There are 2 protein chains.
Amino acid sequence: MAALEKGLAVIECFDAAHDKLTIAEVARATELSRAAARRCLLTLTRIGYAEFDGKFFRLTPRVLRLGHAWLASSALPQMVQPFLERLSEETHESSSASLLDGHEIVYIARSQQRRIMSVGLSVGTRLPAFCTSMGRVLLAALPPDEARRRILTGQPRMRTAQTVVDVDRLMTLLAKVRGQGYAIVDQELELGLVSIAVPLINPRNEVVAAFNLSGQVQRTSAQDIAAQFLPRMQAMQTMLRPLIK
Amino acid sequence: MAALEKGLAVIECFDAAHDKLTIAEVARATELSRAAARRCLLTLTRIGYAEFDGKFFRLTPRVLRLGHAWLASSALPQMVQPFLERLSEETHESSSASLLDGHEIVYIARSQQRRIMSVGLSVGTRLPAFCTSMGRVLLAALPPDEARRRILTGQPRMRTAQTVVDVDRLMTLLAKVRGQGYAIVDQELELGLVSIAVPLINPRNEVVAAFNLSGQVQRTSAQDIAAQFLPRMQAMQTMLRPLIK
């Protein structure tokens, strides 16, 4: 494992539940030796990506430069953002776009109407693909064996009583999504949350990302969501298609 | 220079104007040897942070994990975001929060009403501190010598005909900002753009960040912006104060 790989693993082990970590905790989370974890943390501190208060290490906002390097260099988030804003304004619901990374989706753009989820979502947020509408759209675009492999890697677990975790049932759902061209997820990620997603397709017919609308079940039921939003989302899909590389 | 430091410098050299780079270009931008640049790029590619098409390297969205590690682990963006959204909704203008990093500000939260700048702003975006309202609020909170040093490090350059670049004039402006507790910047960053910022202050009276409202000069002139927005912003400053660590 190269020093660079170790250092990036150290950065990634900080999150909302682990905002300050000791050397021992970083070693445990990354499976590095304590000496290696210590070396990475001291290098990160010296070059301004972390700070140390004598006991705990924390990341500094300088780390944002790294994520921003991709956001700034990729055309997709910039291109999609105004479309999401329009969609979100017209529907009064939150709209997001994401990519698949392993068994997770990663948000690349978002337009929020009101805070409806218990967890704040922002660009860079990761959620499991198997139980999200965008994740299902993106998994459905993969060869079935690959989709199955990724679902299993993520070790699906129940998030609500409605979460489908059985991989065979999930594969059946993906086949349906592939056929109909969109996915609806009804409170499988969080109680009260309904979401509909369609793929972003490039002129070579490749699925490069997905975008969604999500709302509260009290306002929009899973039965109504397609009738209410799908035509508008498909129109946007068509508008975006020639613009995507 | 440690391998980790080199690798992070390589990631940072990608941006909107440099979305795909050759080994030679990365070596030039980072001042690394070609061999070192090549080694970093190959490691980044092997572990999934970059991809190579035979000629050019690009970052992958996996890089977002790094920036997101800070966003998720820092309480400030999560705490400020709903306040910015309310402010933005009430005023119909865009609102942002940022921190100072060297001679630049870095956006940590943002609520956008409409796209008013030619450049899209998002969390992680960096702008020069000397010609932005949030930057002036943050520079004004530093000891004057330190503020002067940072301004000079950034090599201020004119962005519009109105940009103040003379460091002595800037120091006079900072003294005024310190006295009045807010900064207004009138089309010094971009023509047509007016912005007002106040500091976010913790219970120990330390300035930890700044937040702003920005609008188009046709709708809100620099003369009117304080009367229109400042009371609301100061009320928010007071509400946030006891919540900030």
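Letters A, B, ... mirror the listed sequences (proteins, then strands); counts begin at 1. What you see is a predicted model, and the numbers here were worked out from it, not measured in a lab.
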inquiry  = Are there residues of residues 32-44 of chain A whose heavy atoms fall under 4.5 Å of chain B's heavy atoms? If so, which?
reply    = A:Cys40, A:Thr43, A:Leu44
query = When you look at CD of A:Glu146, are more than 12 heavy atoms from neighbouring residues, nucleotides or ligands closer to it than 6.0 Å?
reply = yes
key: Gap separating the CZ atom of B:Arg65 from the CG atom of A:Asp15, nearest 0.5 angstrom   = 12.0 Å
message = Sub-4.5 Å heavy-atom contacts with chain B: which residues of residues 200-210 of chain A show up?
response = none
Contact class of A:Leu8 relative to chain B, heavy atoms under 4.5 angstrom = both
request  = Examine whether an atom of B:Ile47 lies under 4.5 Å from a heavy atom of chain A, and if so say whether it belongs to the side chain, the backbone or both; otherwise answer neither.
outcome  = side chain
ask   = Which of residues 18-28 of chain A have a heavy atom under 4.5 Å from any heavy atom of chain B?
value = A:His18, A:Asp19
ask   = Looking at B:Tyr49, B:Phe14, B:Trp70, which one has more heavy-atom pairs under 4.5 Å with chain A than the rest?
value = B:Trp70
query = Should we say atom CD of B:Glu31 is surrounded by more than 12 heavy atoms from elsewhere, each under 6.0 Å from it?
reply = no
remark   = Quick note, salt bridge (charged side-chain N to carboxylate O under 4.0 Å, His left out) partners involving residues 42-51 of chain A, not counting sequence neighbours, are A:Arg46-B:Glu5
message = With a 4.5 angstrom heavy-atom cut-off, is it the side chain or the backbone of B:Leu66 that approaches chain A, or both, or neither?
response = both
ask   = Below 4.5 Å, heavy atoms only, C-beta onward: do A:Asp101 and B:Pro61 meet side chain to side chain?
value = no
inquiry  = Atom CD of residue position B:Gln218 - does it have more than 12 heavy atoms of other residues, nucleotides or ligands inside 6.0 Å?
reply    = yes
key: Spatial distance of atom CG (A:Leu64) from atom OG (B:Ser74) [nearest 0.5 Å]   = 8.5 Å
task = Tell me, for B:Val106 versus chain A, whether the close heavy atoms (under 4.5 Å) come from the side chain, the backbone, both or neither.
result = side chain
request  = Determine the option with the most heavy-atom pairs under 4.5 angstrom with chain B, choosing from A:Thr60, A:Leu99, A:Leu76.
outcome  = A:Thr60
ask   = Could you go step by step and tell me if B:Arg62 and A:Glu104 meet the salt bridge (Lys or Arg N to Asp or Glu O under 4.0 Å) rule?
value = CA-CA 11 Å; B:Arg62 191 178 166 118; A:Glu104 294 176 311; over 6 Å; no
